[in-house]
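A short worksheet on the structure shown next.
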Amino acid sequence: MNAILKGADLRHVYGTGPTAFEALRGVSVEVNRGEVVLLLGPSGSGKTTLLQILGGLLRPTQGNLHLAGQLITGLDLDALSRLRLKHFGFVFQAYNLFPTLTAAENVAVALDLVGIRGSAGKKQARDLLGEVGLSDRADHFPAQLSGGQRQRVAIARALAADPEVVLADEPTAALDSHSGAKVIGLFRRLADQGRAVVIVTHDNRILKSGDRIVKMEDGLVVPGDPHAPEVHA
Amino acid sequence: MTTLIAWRNLAHDRVRLIVTLVGIVFSVVLMGMQAGLLLGFSKATTGLIDYAKADLWMVPKGTLDVDLGTPLDERRRFQALAIPGIRRAEPYLINFARWKKPSGGTESIQLVGTPVDSELAGPWNLEQGRLEDLAIPDAVIVDHLYAKKLGVSQVGDTVEINQRRAKIVGFTRGIRTFTQSPYVFTSIANARTFVGAPSTQAGYVLLSLTPGADPAQVEAAIEARIPEVEIFAAKAFAKSSSDYWLYTTGAGFSLIISAILGLVVGIVIVAQTLYASTIDRLPEYATLKAMGAPSRYLYQIIITQAGIAAAIGYSIGIVVVKILVIGAAEASAAPLLPLWLAVGLGVLTFSMCVGAAVISIRKVMAIDPVGVFR
């Protein structure tokens, strides 16, 4: 089986009583190793909730999620935290870098979390920045980098623990087309290395880069050819 | 890595860092000076007892403080000498008197009279003159700290005590009084003359014990045989004297309350600035949580931040306190800074800063990593 993530009948309800809102209404989804999956849909369609559940940040109200065959929906918060550290890399629209740390130090924080410290951590942080083409910006602070460079630092940070799954939320939304293309190129490369990449996006520029598009609406996956990289939102 | 993040968080906003450090320094200086003054005053109230070599003090019933003695018949000394276990008994007289300066004007003083051949008491830290000179009629020894206040500057100066001529035969260094009436040392014979007391009057009887004697047994024996007196072990009398001045007069409470205020101000400032710094960094902390950082990793950053601020603030503060203590060495109210107080202040400062971090930690505890994808 090539699926690294497999969600079945995922449901999620925010709140209780009359104000309760069902964000996911029974979504089944698979993410395979080596593919870039694009999650599309209008605001409120449930794609961010799905991304949170797939990343172990949010426990579904109902349904099962398996990571590499292991059921993870019943895990407690600490276990989910350890799971995220080991298996997932996260990339955010606003980069979420420590503004007071250099690019290399931002990556080194993630390495520190998985126990790679000292000179080994410093070297690996620079290697990871090299992988995203930022060797010459390792000692720059986020404020001294362009948006695209910051996002590449965030990607290098996401790769620190050598995760099997990379989850990205609107990673190109704040980038110009040139920077966006570079970032998408990096995601493509990560998938080619065998990682699963899930990207929530509204950015039409990157639709061609996905292996598969999952379109959502009103908390449900809209039926379609799951294997065709459709170029419409 | 947490240390680096903590330091950068602190150093990033210089104004906030300065406010934090000013708060901690203020707190350390206030606590240090108030506690130092408390110790200094405490020492001043017990100096006469601490520097005497008596094992026991025989005092008139009801006496609480060494400075406020009442007459005690010297016959009690002879009665005490008859009790087994007592090696030596000496009369000791302390009495307020009026000092007339050579240039005019008067001051209140405390005359302290001891036998010229005393083994148990008398002036200490003698810088000028000889103890034997106290045998000269009207001879007195004063402390350099109060020389200006008393209008004298050298051996040989003459003054009046209770309208009797007195001559300076020596100076001591660093003998302070809590009452602001300087101690003036003389022989017990001179003291009796100055205050017009009969030759059989003392204020206290200082007792030393024979080797191996049990102080409690001797104390009980004296109190049984001489019911008009109370017996204090030297340490107990020192504590009673110190407690009397520091707590019954309110001086001690005001110093302690000031020190507590310093602590409170420090906690409030550190808590406020640390909290503001944590709020600024919430997205980063949420990101770390989302990445899988355990909660203790985030607490470590905040506590290290507090620890670094404490270390810098304490270092500056304790230097300021030391400078103030050195500067006040010649003043009549001298704060003290023994090593244990410096160490204690350090522990208190770190506890204060780490305690102030609790509010920030509670904020971080409440972070939901889900928020990073909203």
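The sequence lines fix the lettering, A, B, ..., with proteins before strands; numbering per chain opens at 1. Values below: all heavy atoms of this structure, side chains included; hydrogens, waters and symmetry mates excluded.
Among Gly118(A), Ala108(A), Pro163(A), the residue making the largest number of heavy-atom pairs under 4.5 Å with chain B is Ala108(A). Among Leu57(A), Thr100(A), Leu85(A), the residue with the largest count of heavy-atom pairs under 4.5 Å with chain B is Thr100(A). Your options are Pro283(B), Pro294(B), Ala293(B), Ser295(B), and the one with the most heavy-atom pairs under 4.5 Å with chain A is Ala293(B).
The part of Leu97(A) that comes within reach of chain B is its backbone (N, CA, C, O), which places non-hydrogen atoms under 4.5 angstrom from that chain. Contact annotation for Ala161(A): neither backbone nor side-chain heavy atoms come within less than 4.5 Å of a heavy atom of chain B. Only the side chain of Phe141(A) comes within contact range of chain B, with heavy atoms under 4.5 Å apart.
Asp112(A) places no side-chain N or O within 3.5 Å of a backbone atom of Arg117(A) that could act as its donor or acceptor partner. Side chain of Thr102(A) to main chain of Glu105(A): a donor-acceptor pair is present (N/O by atom type, distance under 3.5 Å, no hydrogens or angles).
In this structure, Val165(A) and Arg195(A) have side chains that are not in contact, with every pair of non-hydrogen atoms separated by 4.5 Å or more. Considering only heavy atoms from C-beta on, Leu288(B) comes within 4.5 Å of Phe98(A) through its side chain.
Here the two rings, on Phe253(B) and Tyr247(B), have centers that are under 6.0 Å apart.
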